[in-house]
Visitor: 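One structure, pasted below without further comment.
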2 protein chains.
Amino acid sequence: MKVIDKIHRAKEEGRPFWSFEYFPPKTTAGVMNLLDRMERMYNLGPEFVDITWNAGGSSSDLTSELIATAQSVYGLETCMHLTCTNMPKQKIDIALKAAKACGNQNILALRGDPPRGEERWESCENGFAYASDLVAYIREQYGDYFSIGVAGYPEGHLDSTDKEEDFKWLKFKVDQGADFIVTQLFYDTELFKDWVQECRKRGIHVPILPGIMPIQSYGGFVRMTSICRTSVPESILEALEPIKDDDQAVKDYGVKLAVQMCREIQEAGTQGFHFYTLNLEKSTRLILEGLEFVVPRENIRSLPWNPSLSKKREKENVRPIFWKNRIKSYVARTEAWDEFPNGRWGDSRSPAFGELDGYGTSLKLSSKDALAIWGHPESAEDVSSLFAKYCQGLVKSIPWSDERSLYPETEAIRGQLVNLNERGYLTINSQPAVNGVRSDDKVHGWGPKNGYVYQKAYLEFFISPENLNQLVKRIEEEPQITYYAVNKRGDLRTNSHTDGPNAVTWGVFVGKEIVQPTIVEVVSFMAWKDEAFELWSEWSKIYDHESTSAKVINSIRDEWYLINIVHNDFQDQDGLFRVLDSVPTTNGVPPSTASR
Amino acid sequence: MKVIDKIHRAKEEGRPFWSFEYFPPKTTAGVMNLLDRMERMYNLGPEFVDITWNAGGSSSDLTSELIATAQSVYGLETCMHLTCTNMPKQKIDIALKAAKACGNQNILALRGDPPRGEERWESCENGFAYASDLVAYIREQYGDYFSIGVAGYPEGHLDSTDKEEDFKWLKFKVDQGADFIVTQLFYDTELFKDWVQECRKRGIHVPILPGIMPIQSYGGFVRMTSICRTSVPESILEALEPIKDDDQAVKDYGVKLAVQMCREIQEAGTQGFHFYTLNLEKSTRLILEGLEFVVPRENIRSLPWNPSLSKKREKENVRPIFWKNRIKSYVARTEAWDEFPNGRWGDSRSPAFGELDGYGTSLKLSSKDALAIWGHPESAEDVSSLFAKYCQGLVKSIPWSDERSLYPETEAIRGQLVNLNERGYLTINSQPAVNGVRSDDKVHGWGPKNGYVYQKAYLEFFISPENLNQLVKRIEEEPQITYYAVNKRGDLRTNSHTDGPNAVTWGVFVGKEIVQPTIVEVVSFMAWKDEAFELWSEWSKIYDHESTSAKVINSIRDEWYLINIVHNDFQDQDGLFRVLDSVPTTNGVPPSTASR
């Protein structure tokens with residue numbers, strides 16, 4: 001969706017709105033962390049997010065990649081920065097094409113800074129000299145497809161000495177087709193307010209979003225305001241002076257200041273705010289809380305998973321539960337599908353899942369980091385204990401989880417999961433039973449207001465063959481439980497008599513059919529199990545292949561089963577754990593002494 | 001499905017089973033009554049129902065029609081009798097073709113009685129002389145498509161004097177392709193048990209269903225046993241003698257006797273029973289209750305409406321709620337569809353509904369009967385009062401209801417419906433809210449066991465334009481209520497923002513997607529409204545067109561609206577009536593004094 005349409009909608013609804021700006025990190029680990037953070041910050045309800053463009057080099061590809069991931073995987077409306085620096089037309093074309101391909105409809109068109117080491121900005125061969133040329137080119141090539149933003153300079157452009165000239169350029173950029181303006185950072189709100197009035201007087205009527213950069217550290221603040229020649233009101237300098245060596249105090253002040261600035265601007269009639277996050281989460285969150293901005297319901301979760309904003313996935317409304325903790329992998333492995341399940345899973349069962357390339361099954365951690373986290377397990381009991389610690393929050397990640405922490409809804413069953421892991425069931429995915437809570441429930445809610453949401457209790461774990469036999473014996477007595485268990489070789493055990501999907505999450509809404517966005521289904525489970533078992537191999541690779549750790553891990557991979565269990569009686573909150581807790585295991589702590 | 005497969009399944013499951021035999025009534029009213037009764041008796045769980053074939057004339061077409069209706073509309077597995085009497089091959093072909101077309105897979109092949117007035121049976125030109133020839137012909141023409149039953153005569157065939165000859169003929173019929181036997185009625189169970197043993201000895205191994213005819217009246221019993229030369233044990237005659245003039249006592253004895261006979265036969269190893277119902281319901285029901293036969297779960301309701309057994313409708317799993325009381329009309333008006341909604345309504349929205357012919361919008365009552373029931377309303381208030389009385393059970397029917405009585409689930413809201421009708425809302429369809437009751441619930445349950453079923457409260461009624469304005473004003477305050485209102489001309493009012501379907505009945509089951517068999521949806525509502533308004537015209541036709549009654553009815557037809565209302569908060573049991581009861585009406589009793 002276009003940023004300009006989202007701005008208009010927010011205005012019509014008479015509510016404030018905000019956007020976040022990120023920059024492409026330099027390391028792979030940094031990229032992983034940023035993606036995690038962006039996904040978390042989704043819940044802060046930004047109307048859109050920006051990714052800056054780094055002049056030339058590989059980071060421009062990274063911008064495109066981040067845009068695609070945010071848009072397609074995390075369902076964040078994105079705006080891609082695009083600069084003229086070192087960008088011949090061909091490169092511009094490639095970037096615009098990639099943006100469009102992933103469903104992105106927003107470009108912030110900039111001239112850009114001079115390349116590193118250069119004093120003055122010069123256009124490259126076959127490139128553009130001005131942001132206005134870039135705007136005109138995008139409009140010429142893509143018509144109305146993109147919403148185009150441009151930069152505004154309340155304190156004047158660095159290269160410009162004539163303020164009136166600045167206004168003329170800004171108006172020219174708008175006349176060439178820009179439909180909104182994001183300003184350079186500033187700390188003097190009076191200056192901003194005056195500047196907006198001057199813009200309006202000169203016929204610049206598009207929305208103007210003030211760029212707010214919360215002060216994160218004293219050094220950074222001084223450096224940034226000096227580079228940008230930002231005027232800083234005396235009162236701010238005075239407030240910072242006594243606390244400048246106390247990082248936390250500076251951050252706290254930065255939040256307080258930004259809240260105050262936003263309030264002043266808001267009183268003058270501006271409702272939209274653009275935050276330069278510096279890829280950090282906390283300050284922005286605290287500012288939004290301080291402003292008492294309420295995330296509009298529809299921005300939170302229209303489905304239990306973030307719907308992709310990729311054009312070809314716009315009708316996608318159901319996913320198997322298996323990739324819940326590896327969303328990027330799911331999106332990658334289904335990328336080749338012509339059509340996404342529209343209402344029913346059945347229609348799209350035939351298309352095969354992609355091979356384990358693309359996103360891949362790598363650990364997303366360096367061997368060194370992995371060893372630091374997972375140590376050297378010497379037995380299946382050690383592995384159990386590691387899984388239990390992950391559930392307790394004492395270990396940062398396991399190979400099956402892209403997420404750095406458990407979902408909020410897992411909190412309620414955390415103790416039970418720890419217990420199961422200690423007893424030798426290595427859990428990698430779960431959801432508690434939910435019996436018709438309101439759709440605006442903070443923990444479980446999703447979808448339009450005035451609805452109710454439901455979940456069947458779900459649990460997926462690795463289990464030794466002996467334990468599987470015990471468990472299956474018990475499950476056969478329970479008509480409400482369905483399961484699929486499979487080992488690496490593909491030997492499948494199940495008590496399910498149909499091969500149709502089992503809806504494990506659904507919602508009932510005003511005037512609609514029942515929405516069924518998450519399912520358990522055998523074809524996709526078989527595709528998932530390859531990935532799930534492959535991750536044991538990846539893990540074992542960080543050890544010498546003759547080591548005990550490698551042998552333990554490989555023997556789990558080769559001999560154990562992966563099982564998924566649904567307790568179909570969602571009205572019986574504790575049913576699943578009651579059954580599991582009653583089964584003795586041959587590994588780990590016996591049920592009677594298990595911790596709760 | 002084939003009767004023989006159903007018999008085998010019941011045997012595998014080690015449970016008793018039963019079937020009912022009906023005959024084609026002579027009058028249209030009789031046919032309507034029989035269809036009602038057959039639909040009600042569906043709940044007694046017959047494995048199949050027979051319709052007898054009346055030799056020649058129009059009643060044979062009626063047999064085909066009844067078979068089609070039972071199979072396609074009411075979802076009863078049917079077995080069509082087919083006789084050789086006055087049936088040249090061409091007629092046999094037509095009957096078999098019609099049976100197959102409606103999904104019927106079962107034929108009871110008989111020679112038949114001599115035509116009325118003839119003493120001896122003779123074959124007609126180009127017809128068959130023996131049931132065995134008919135069996136052979138059906139097998140030759142249709143291979144294994146049909147399950148074929150034949151008649152067995154425990155007391156010997158009327159035309160036969162040699163018992164051994166009888167066994168030979170029976171074995172020959174089986175050898176020609178019959179796969180089950182239904183016996184002539186009898187009252188001597190010893191005789192039956194011996195005969196079954198003799199059959200087995202002679203190599204007749206197909207299932208044998210004893211024909212049980214409960215005694216309904218003394219006169220009828222004597223006449224029937226004399227015509228069929230049935231031996232009647234002395235003990236029965238002795239028991240009947242003192243009560244023969246007391247009809248009710250005879251009926252009660254008939255039930256007791258049949259229960260005792262079935263028990264004796266069952267002890268000897270027979271598990272299936274064929275009841276000659278004489279188109280009556282009560283005795284058969286009491287016998288099944290007396291035998292403590294439990295209807296197998298799957299026989300009751302796999303969906304909230306009876307799924308059609310027509311081949312082309314086998315995947316049909318969703319219907320609009322509007323025709324709930326006019327099922328025959330719905331089936332008729334959608335007969336031309338190539339494909340039935342498979343999972344979603346959306347796919348089949350384009351096919352138009354059939355015109356108001358076929359089943360038609362006639363009143364299913366003679367003018368005389370209609371006048372007797374509905375009298376001569378002189379005002380809208382009189383009409384209101386008539387509708388209210390229908391809800392109270394004081395008036396037998398209204399033109400919008402094929403059913404002779406309210407659904408059991410309506411009992412809980414009966415008082416509220418009476419109240420609304422007295423206040424001038426003319427209700428024609430409703431369902432109460434249901435918040436997750438077990439799928440085996442006696443009143444609301446449907447679908448496989450261990451599930452839960454849900455309903456949104458639904459109400460459909462005619463309303464005057466003034467009352468509609470009042471009501472809509474109130475509804476606009478309720479975000480949980482959606483409605484569509486339309487008058488005869490097609491002016492539509494709604495607060496719904498989507499045109500997709502609203503699921504108003506759904507079920508959650510073990511290992512399945514959510515099943516959503518009943519919806520409210522605007523395209524089908526517009527098709528329904530033509531029919532709903534046309535029924536006012538049909539009603540007015542029973543009066544002189546200059547009469548006050550005709551004028552009152554026609555003015556309701558021409559000026560009032562038909563409105564359907566869904567209260568989407570199914571967890572708020574009373575929500576719909578709470579809102580409706582708070583709206584004043586300009587017709588009928590004011591809300592404050594309305595009866596409850």
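Throughout, protein chains are lettered first and strands after them, A, B, ... in sequence-line order, and every chain is numbered starting at 1.
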Visitor: A/V510 pairs by side-chain contact (heavy atoms from CB on, under 4.5 Å) with which of B/N502, B/T482, B/N495, B/V566?
Guide: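 Answer after filtering B/N502, B/T482, B/N495, B/V566: B/T482.
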Visitor: Any side-chain to backbone donor/acceptor pair from A/Q516 onto B/I514? Under 3.5 Å, distance only.
Guide: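 Judged by distance alone, yes, a pair lies under 3.5 Å.
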Visitor: Counting N and O atoms only, with roles assigned by atom type, does the side chain of B/Q571 sit under 3.5 Å from a partner on the main chain of A/G436, one being a donor and the other an acceptor?
Guide: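 Yes, B/Q571 side chain to A/G436 backbone: donor-acceptor pair under 3.5 Å.
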Visitor: Among A/N450, A/N435, A/V504, which residue forms the greatest number of heavy-atom pairs with chain B at distances under 4.5 Å?
Guide: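 Answer, by heavy-atom pair count under 4.5 Å with chain B: A/N450.
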Visitor: Counting distance only, does the side-chain N/O of B/N568 pair as donor-acceptor with the main-chain N or O of A/G511 below 3.5 Å?
Guide: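 Answer holds: yes.
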Visitor: Centroid separation under 6.0 Å, is that true for the rings of A/Y454 and B/Y452?
Guide: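 Judged by ring-centre distance (under 6.0 Å), B/Y452 and A/Y454 do not meet the cut-off.
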Visitor: Is it the case that more than 12 heavy atoms not belonging to A/K512 sit under 6.0 Å from its NZ atom?
Guide: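 Open.
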Visitor: Within a radius of less than 6.0 Å around NZ of A/K529, do more than 12 heavy atoms belonging to other residues, nucleotides or ligands occur?
Guide: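 Yes, NZ of A/K529 has more than 12 neighbouring heavy atoms, counting only those of other groups under 6.0 Å.
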Visitor: As a quick check of understanding, evaluate side chain to side chain contact (heavy atoms under 4.5 Å, CB included) for A/K456 and B/V508, giving each step before the final call.
Guide: CA-CA 10 Å; A/K456 291 178 178 176; B/V508 186; 3.7 Å; yes
